[in-house]
2 protein chains.
Amino acid sequence: MAVHVLAVLAYKEGDRVTSALLAASINTNPVIVRRLLLALQRAKLVETGKGAGSGSRLSRSPGRINLAQIYRAVEDCEPFATPSRKPNTACPVGHCIRRTLDKVFASAESALERDLEKTTLAGVITAVQASGNCTRKKGH
Amino acid sequence: MAVHVLAVLAYKEGDRVTSALLAASINTNPVIVRRLLLALQRAKLVETGKGAGSGSRLSRSPGRINLAQIYRAVEDCEPFATPSRKPNTACPVGHCIRRTLDKVFASAESALERDLEKTTLAGVITAVQASGNCTRKKGH
DNA sequence: ATTATATGTAACTGTTGTTGTTACATTATT
DNA sequence: AATAATGTAACAACAACAGTTACATATAAT
């Protein structure tokens, strides 16, 4: 979803786009978009102005934004579930397995991010444009 | 959590362990464990018998089970969120971005799995055993 | 055979996280 | 000053998951 927002922003390169417009594009509520934009601002991927006639725009060119950056900005927690209950400390496995698995999962996640780094926002956009009959200009 | 179950099973190599015992070890309910075991059975990672004095055991040695297999057995859906609402079809980005992102995410997930493949269940166990003062024998 | 034991499964509850919605204070442009 | 936009809070709706209880079924032990 974050990628979608940024892709629309990339379309309007340089122009400031309001959260209302972005929300209409991805068919959701402006507040949802703003919450997303807050995370993207923190990651310095977008710049957002406040007053009338303002809105958001990319803070760099789409070629300089990759999906790993977006992933890190938005997905704050790990993709692996952490059990709600504490493991049984009387069990030798239960006591220490978490620390071990955390290492393994950190490695796996960094492998995932390294793969995402290979795709830039610009790459996504050209792929979208190339993928068939979606050539109509934006209507809004 | 699934890894935890399998690690306990690996400890008792060959022995059949009941879901009640496994549940006590990871501090949860036997039914939760059984639901997990169903998935692991489907993936041919464990064998489960039904009657009295029965239970579950690994279907291969811990060295021949890697975390990617466990991940695939348990995490049936992708780690990437799919938006609930359909994108606005009037927007050229919204219309085609899903197909594009699916490819990218599939690639990222396979990178994740390739990394998980590098760690076997046996590797997890030796790491757990090596990680400090967790040397007490299992109490159950 | 009968009994004891363990799984498979259904139905329900509770919790958590996410999305969506409304409302409003704040801030910048015009 | 008026307008238009964000930031943010509070809450409802919803889905996903963990947990619980209950019970039918199947196997092993006696």
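Below, each value reflects all heavy atoms present in this structure, side chains not excepted, and no hydrogens, waters or symmetry copies.
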Can you tell me the distance, in whole Å, between the [atom1] atom of [X] and the [atom2] atom of [N]?
X: B:L22; N: D:dA18; atom1: CG; atom2: P; result: 16 Å
X: A:R42; N: D:dT6; atom1: CZ; atom2: P; result: 16 Å
X: B:E47; N: D:dT27; atom1: CD; atom2: C1'; result: 16 Å
X: B:E75; N: D:dA16; atom1: CD; atom2: C1'; result: 12 Å
X: A:L36; N: D:dG7; atom1: CG; atom2: C1'; result: 14 Å
X: B:I32; N: C:dT13; atom1: CD1; atom2: C1'; result: 12 Å
X: B:M1; N: D:dA18; atom1: CE; atom2: P; result: 5 Å
X: A:N29; N: D:dG7; atom1: CG; atom2: C1'; result: 14 Å

Exercise. Taking C-beta and beyond as the side chain, do A:L21 and A:V8 meet within less than 4.5 Å on heavy atoms?
Worked result: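 Side-chain contact under 4.5 Å: no.
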Exercise. Can you give one letter per nucleotide of nucleotides 2-9 of chain C, 5' to 3': B if a protein heavy atom sits under 4.0 Å from the base, S if only from the sugar-phosphate, - if neither?
Worked result: ---BBBBB
Exercise. Side-chain heavy atoms under 4.5 angstrom apart, residues restricted to Ile, Leu, Val, Met, Phe, Trp, Tyr: same cluster for A:V74 and A:L9?
Worked result: yes
Exercise. Do A:R72 and A:E109 sit within salt-bridge range, that is, some charged N less than 4.0 Å from a carboxylate O?
Worked result: no
Exercise. Ignoring hydrogens and geometry, is there a side-chain-to-backbone donor-acceptor pair from A:S59 to A:L45 under 3.5 Å?
Worked result: yes
For this session: Please list, chain by chain and in numerical order, all residues satisfying side-chain contact (heavy atoms from CB on, under 4.5 Å) with A:A39, sequence neighbours excluded.
Result: A:R42
Exercise. Is A:R60 atom CZ crowded by more than 12 heavy atoms from other residues, nucleotides or ligands, each under 6.0 Å away?
Worked result: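 Yes, the 6.0 Å shell around CZ holds more than 12 heavy atoms from other groups.
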